[in-house]
Every structure is written in structure tokens, then in C-alpha cells.
Amino acid sequence: MQKKVLLTGDRPTGPLHIGHLFGSLVNRVTMQDDFESYIMIADVQALTDNFNNPDKVRESVLEVAMDNIAAGIDPKKTTIFIQSQIPQIAELTVFFSNLITVNTLRRNPTVKAEIAEKRDLFGSDGESVTYGFLGYPVSQAADITIVRADVVPVGEDQLPMLETTREIIERFHRIYDVNIFPRPEAKLSESPRILGLDGAKMSKSLNNAVYLRDNPEVTAEKIKSAKTDSGSHVSFDPAKRPEISNLVMIYSLIHGIKPQEAVSELATLSYANFKEKLAADLNKYLAPLRAKRAELEAKPHYVKEILEMGRKRVLDKAEETMSLVRAAMKINY
Ligand code: TRP
């Protein structure tokens with residue numbers, strides 16, 4: 001039987017952290033056996049809000065590739081590629097831009113929230129938002145459809161992008177009277193979202209993340225100085241004690257147990273002792289991944305070859321998709 005097609009993407013704006021690991025990488029690794037899998041490094045999308053910082057994007061491309069492979073993505077099973085290396089995605093974005101209204105893009109809750117966060121770039125009221133940033137969901141629709149993906153593993157914040165993608169596909173099919181693309185469905189991760197070490201969203205810009213590439217000493221230091229409350233024993237109550245509960249959540253993810261089980265294992269420990277144990281266990285859990293990552297760092301040529309292989313594979317499929325699209329739109333001169 002023909003395998004279904006899976007595509008997901010990472011914006012290369014920095015190395016990946018344990019939030020990415022538990023939230024998405026672990027799932028990708030399991031799913032790569034059952035799907036024709038693609039992981040796209042979304043450098044073009046990253047540039048929509050980092051156009052003034054191309055070095056950051058450039059440097060992060062290999063980081064993100066290495067993080068994925070170190071976490072267990074097998075280049076034989078999964079095609080890893082760089083978005084900008086597939087010009088057909090840009091071409092398809094232009095055609096798709098006729099099929100969605102500016103008002104729909106303006107209402108996209110994720111885009112809206114991002115515009116509000118990025119005052120320095122887009123103005124205090126979003127009055128300076130660029131055409132490129134407002135339109136990145138259209139480009140994301142092209143990412144997904146260029147390989148004719150069925151399944152798109154993403155976080156909840158990406159659901160509006162999938163809706164836009166389906167709307168564009170439906171219009172395309174209706175207007176040009178074809179049926180080229182499957183209806184792509186989001187696949188939400190089942191593992192609970194973990195927070196940063198200060199209780200806010202885990203994010204590079206907030207400086208509250210444990211990176212896959214951090215060494216054990218840095219990891220231990222970060223866990224030691226993680227925010228907690230004035231309680232004296234470990235408990236799990238995310239509403240009342242979000243920070244300590246988050247640490248318990250990380251512990252339970254490492255050990256594959258429920259937070260309540262973790263609490264009974266840890267009940268006798270002080271916060272300080274729990275943190276020491278958590279740091280040791282996390283370092284142990286990450287050790288094989290970090291060893292693999294160190295190996296990859298020592299041979300960047302190998303990683304570049306994988307990306308080159310990915311480029312070639314996707315290029316063939318993208319050309320196939322574009323012949324169908326150009327024929328449907330009567331621009332196959
Ligand atoms: N927007 C996604 C994110 O910020 C990254 C992404 C780009 C993506 N293209 C994609 C995800 C295509 C899924 C499918 O995480």
C-alpha cells in the first residue's frame with residue numbers, strides 16, 4: 001500500500017530545546033516509519049521576521065538539521081530539506097496568493113499575535129507589517145502542498161495555517177476543476193507542553209530553555225536556578241504551582257510516567273534535591289542524543305550531503321506537482 005505523505009517544518013532561528021524534543025521531535029521519530037516523511041527547514045519563513053538578520057537564519061539551518069538527526073530522525077526514512085532550495089514553493093506561493101483574501105490573513109490569530117509581539121519590526125499597532133509576513137500562511141500552504149502532504153504534525157498555534165491551507169486547496173480545486181491535492185490534516189502532539197524554566201513559554205528569546213546541544217554542566221546549572229515557589233515538597237498542581245509542576249512534568253516525560261506517579265516517587269525530596277536528581281536524569285536521558293550530535297558537529301559535510309539528497313528528492317516531487325498546477329491554471333505553454 002502507498003504510504004501517506006507527512007510534512008512538517010521548523011523555522012531556523014536557533015538550536016532546538018527540550019520543548020521541541022518532547023513536543024514534536026519524539027513524535028516525528030515514531031511516525032517516520034509509517035509515512036513518506038519530509039522535514040522542511042523553513043528558512044524563507046524565518047526570514048519573514050528576520051529579514052534584517054540573515055546570519056542568524058543561516059547559522060541555524062545546520063543546527064536544526066543536526067538536532068533532528070540527533071533526536072533520531074533517520075535520513076534514510078525522512079527527507080530533510082531547506083525551503084529556499086525548492087524554488088517551486090515560491091512559485092506556488094504566488095499562484096496561491098490569488099486564492100485567499102487579505103482580510104482572512106489579517107484575522108489569522110497566530111499571525112495577529114506575532115505581529116503584536118514584534119512592535120520593533122511591525123509597529124506598535126501592526127501598521128508597518130510587511131506583505132511577506134502577513135502572507136506567510138500562504139507560503140506555508142505551498143510548503144505543505146508542494147509534496148502533496150496528507151498529515152502535518154504541528155503545535156496548536158499552527159491550526160489556523162492548516163485551515164488556510166485547506167481553504168486555498170478547496171478554492172484551487174473548485175476554480176480550476178481539478179483534484180490534485182489531498183486534504184491535509186494537522187496531527188497534534190499528545191504530550192503535554194512544557195514551559196520554560198521561569199514558568200513562561202520555553203523560548204530562546206526569553207533565555208529560559210535547555211537546549212539539546214547544551215553540555216551537562218550548563219544543563220545542571222539551568223535546572224538548579226529554575227524558578228520555584230516557597231513550597232517545601234514536590235507537588236503537581238499546574239494552576240497553583242506552575243513552575244515546580246513544570247519540573248515534575250519534565251521528570252515524568254523523561255521517565256515515561258504520569259506526573260502523579262512522579263510526585264509519589266519524589267515526595268520525600270526537598271526542591272533542591274529534586275532539582276539535582278532532575279538534572280542528573282535529564283543529562284542521562286539526553287546523553288545518547290548529545291553524543292550523536294557531537295558526531296554530527298564533527299562532520300558538517302555529512303549533514304550537508306543529507307540536505308543535498310533531500311533537495312534532489314523534493315525537487316522531483318515539486319516539479320511533478322507544478323506540472324499539474326500549471327496545466328490546471330493553463331500556463332503550461
Ligand atoms: N510555522 C511553523 C512554525 O513556526 C513552521 C513551518 C513552516 C511549518 N512551514 C511549515 C510547519 C509547514 C508545518 C508545515 O513552527
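Start at 1 with the first residue, then count along the sequence. One-based numbering, in listed order, for ligands and for the atoms of each.
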Assess whether a salt bridge exists between [X] and [Y], defined as any Lys/Arg side-chain N lying under 4.0 Å from an Asp/Glu carboxylate O.
X: Glu297; Y: Arg290; value: no
X: Lys56; Y: Glu63; value: no
X: Arg311; Y: Glu308; value: yes

(message) Parallel, tilted or perpendicular, judged at 30° and 60°: which one describes the rings of Phe133 and Phe122?
(response)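 Ring orientation of Phe133 relative to Phe122: tilted.
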
(request) Classify the angle between the aromatic ring planes of Phe274 and Tyr251 as parallel (below 30°), tilted (30 to 60°) or perpendicular (above 60°). (result) perpendicular

Please give the N or O to N or O pairs under 3.5 Å between ligand 1 and the protein, distances rounded to 0.1 Å.
unit_1: ligand 1; atom_1: 1 (N); unit_2: Gln45; atom_2: OE1; d: 2.7
unit_1: ligand 1; atom_1: 1 (N); unit_2: Gln140; atom_2: OE1; d: 3.0
unit_1: ligand 1; atom_1: 1 (N); unit_2: Gln158; atom_2: OE1; d: 2.9
unit_1: ligand 1; atom_1: 4 (O); unit_2: Arg11; atom_2: NE; d: 3.3
unit_1: ligand 1; atom_1: 9 (N); unit_2: Asp143; atom_2: OD2; d: 2.8

(message) Tell me if a side-chain donor or acceptor on Thr48 pairs with a main-chain N or O of Val44 at a distance below 3.5 Å.
(response) no

